[in-house]
Amino acid sequence: MTSTALDLPGWRHVYSGKVRDLYVPADDRQTSDADDPQTSDADDAGSTRDSTDGAMLIVASDRVSAFDHVLEPGIHGKGAVLTQLSAWWFDQLAVPDHRVVDTEELPPVPADVSDRAMIVRSLDMFPIECVVRGYLSGSGWKEYQATQSVCGVALPSGLSDGDRLPAPIYTPAYKAPLGEHDENITFERTVELVGQEAAGALRDLSLSVYSRAAAVAESRGVILADTKFEFGRDASGRIVLADEVLTSDSSRYWDAAEYAAGRRGVSFDKQIVRDWLAANWDGSGVPPRLPHEIVERTAARYRELFELLTATPAPRG
Ligand code: ATP
Ligand code: MG
């Protein structure tokens, strides 16, 4: 997938996921500065982190994936809407996040991608997708039907698809290497993977960020049914919220009014794409090209969520 990478002056491409491309500064300027005591203001224990953690540019593309395939064409504006939604959420949350505030020493963000790029600190990432569910849906619903539990969390009997849970639950997944499926795991397994202290911190942080975000969303008429966070450690050892947060790629958002009226699963993500594909593709070979109308409706849906949550006009991309 490296063919999707752009030639960005000052930045070197290092990785492409299905949707986003990562770059690092093309030269080592900031790394050598980090070694220079003159440039690090050591007035508190964590203050050197901005200079010791390398910087990275995350560029979100308009690519959309469903059933593990990247589809054609992209959804125009998606990269910008999701990047700016993520940035807006970071501002609402009272936890350390990976954005770099002081970018003076870094190459400028190229104008072509500035509306869909974020400069972040490159962290030592935990291999865990920290999923929190306030409602039963998707893989959670599947697992519940088989075991009446999700990721080892026991639940009451008699729940239906889309039901609100008695309280939000933490249902982590192991972040599989590229190309492999993430796997739902128990909390105990996360302890084996990252140790008791970090595992507990990831769970507590995830639950508290979810609760805060769900309350904000609810006040805007949107249900945050579930979401996934990723965390990393910075050079000072602090746990930092990373990746994208609370976007429609990493979360399930439903329209609260539709939900209250008994119409469940009216979501603000690529459900339109998934539904169209399910009806028009048998899953073999290359997926068909998305029709114009499906692309437009999906793009509008992403913008609608942005505008509901932030109460500001969505970027047009
Ligand atoms: P997929 O295509 O299945 O989503 P992916 O998750 O690897 O694969 P992206 O989400 O597009 O692909 O890429 C973002 C990558 O960057 C993820 O692997 C994520 O864990 C990583 N990442 C996010 N924030 C940071 C950070 N601050 N430091 C280091 N890595 C990060
Ligand atoms: Mg990802």
Side-chain angles (χ1 to χ4, degrees), residues 1-6 11-25 30-31 49-71 74-75 78-83 85-87 89-90 93 95-101 103 106 109 113 116-131 138-139 172-184 190 193-194 202 205-206 209 226-252 269-270 273 287:
M1 230 178 290
T2 45
S3 58
T4 59
L6 300 166
W11 297 89
R12 180 165 56 83
H13 175 253
V14 287
Y15 178 81
S16 286
K18 279 196 286 294
V19 174
R20 286 169 299 157
D21 303 305
L22 308 186
Y23 302 80
V24 294
Q30 44 141 13
T31 318
R49 70 188 183 279
D50 272 347
S51 50
T52 49
D53 294 324
M56 193 167 81
L57 184 71
I58 302 188
V59 180
S61 72
D62 287 347
R63 298 193 289 275
V64 64
S65 71
F67 308 122
D68 281 337
H69 286 264
V70 175
L71 307 170
I75 308 295
K78 174 176 181 275
V81 172
L82 267 54
T83 298
L85 185 58
S86 213
W89 272 120
F90 279 133
L93 306 172
V95 295
D97 69 71
H98 66 160
R99 289 175 300 173
V100 171
V101 182
T103 57
L106 297 168
V109 176
V113 297
R116 56 190 176 92
M118 194 181 278
I119 298 184
V120 306
R121 288 181 284 142
S122 177
L123 303 170
D124 185 11
M125 298 296 287
F126 293 103
I128 294 173
E129 308 236 310
C130 299
V131 178
S139 70
Y174 175 66
K175 195 168 157 49
L178 195 63
E180 288 170 41
H181 267 297
D182 296 337
E183 173 199 345
N184 281 1
T190 69
L193 286 166
V194 302
L202 295 180
L205 273 167
S206 299
V209 174
D226 56 43
T227 195
K228 184 248 341 179
F229 303 109
E230 289 185 34
F231 296 88
R233 257 192 217 286
D234 70 11
S236 72
R238 188 162 68 148
I239 295 178
V240 175
L241 183 56
D243 208 52
E244 59 179 342
V245 280
L246 298 156
T247 67
S248 25
D249 271 7
S250 65
S251 322
R252 222 180 234 113
D269 62 9
K270 55 194 173 192
V273 167

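Start at 1 and go down the list; that is how both ligands and their atoms are numbered. What you see is a predicted model, and the numbers here were worked out from it, not measured in a lab.
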What is the minimum heavy-atom distance between [X] and [Y], and which atoms define it?
X	Y	answer
L246	L93	CD1-CD1, 4.0 Å
S86	V245	OG-N, 2.8 Å
C130	F231	SG-CD1, 3.8 Å
H98	V240	N-CG1, 3.5 Å
N184	A173	OD1-CB, 3.9 Å

Can you tell me the protein heavy atom closest to [atom] and the distance?
atom	result
atom 12 (O) of ligand 1	G17 CA, 3.3 Å
atom 7 (O) of ligand 1	Y15 OH, 2.4 Å
atom 21 (C) of ligand 1	D243 OD1, 4.0 Å
atom 6 (O) of ligand 1	K175 NZ, 3.1 Å

Query raised in the report: Heavy-atom distance from atom 4 (O) of ligand 1 to the protein below 4.0 Å?
Result: no
Query - Matching residue for S16 among H13, R20, K18 - test: side chain to side chain donor-acceptor pair (under 3.5 Å) - result: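 Among H13, R20, K18, the one meeting side chain to side chain donor-acceptor pair (under 3.5 Å) with S16 is H13.
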Which atoms of ligand 1 sit under 4.0 Å from any heavy atom of [X]?
X	result
A242	24 (N), 27 (N)
E230	19 (C), 20 (O)
M56	25 (C), 26 (C), 28 (N), 29 (C), 30 (N), 31 (C)
S122	28 (N)

Query raised in the report: Polar-atom distance check: L123 versus ligand 1, any N or O pair below 3.5 Å?
Result: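 Such a contact does occur with ligand 1.
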Query raised in the report: Do H98 and ligand 1 have an N or O pair less than 3.5 Å apart?
Result: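 Yes, at least one N or O pair falls under 3.5 Å.
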**Report entry** Region of R20 that comes within reach of ligand 1 [heavy atoms, distance under 4.0 Å]
**Finding:** both
Requested in this report: Could you see which bit of L22 sits under 4.0 Å from ligand 1, with heavy atoms only: side chain, backbone, both or neither?
Outcome: side chain
Report task. Have a look at K18, M125, E129 and point out the one with the heavy atom closest to atom 1 (P) of ligand 1. Result -> K18
Report task. Kindly indicate whether the side chain of Y23, heavy atoms from C-beta on, has any atom under 4.5 Å from the side chain of L6. Result ->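 Touching, per the 4.5 Å side-chain cut-off.
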Requested in this report: Could you tell me if any non-hydrogen atom of E244 lies under 4.0 Å from any atom of ligand 1?
Outcome: no
Check this for me, if you would: do [X] and [Y] make a salt bridge, where the nitrogen-to-carboxylate-oxygen distance has to be below 4.0 angstrom?
X	Y	answer
R63	D249	no
R233	D124	no
R116	D62	no

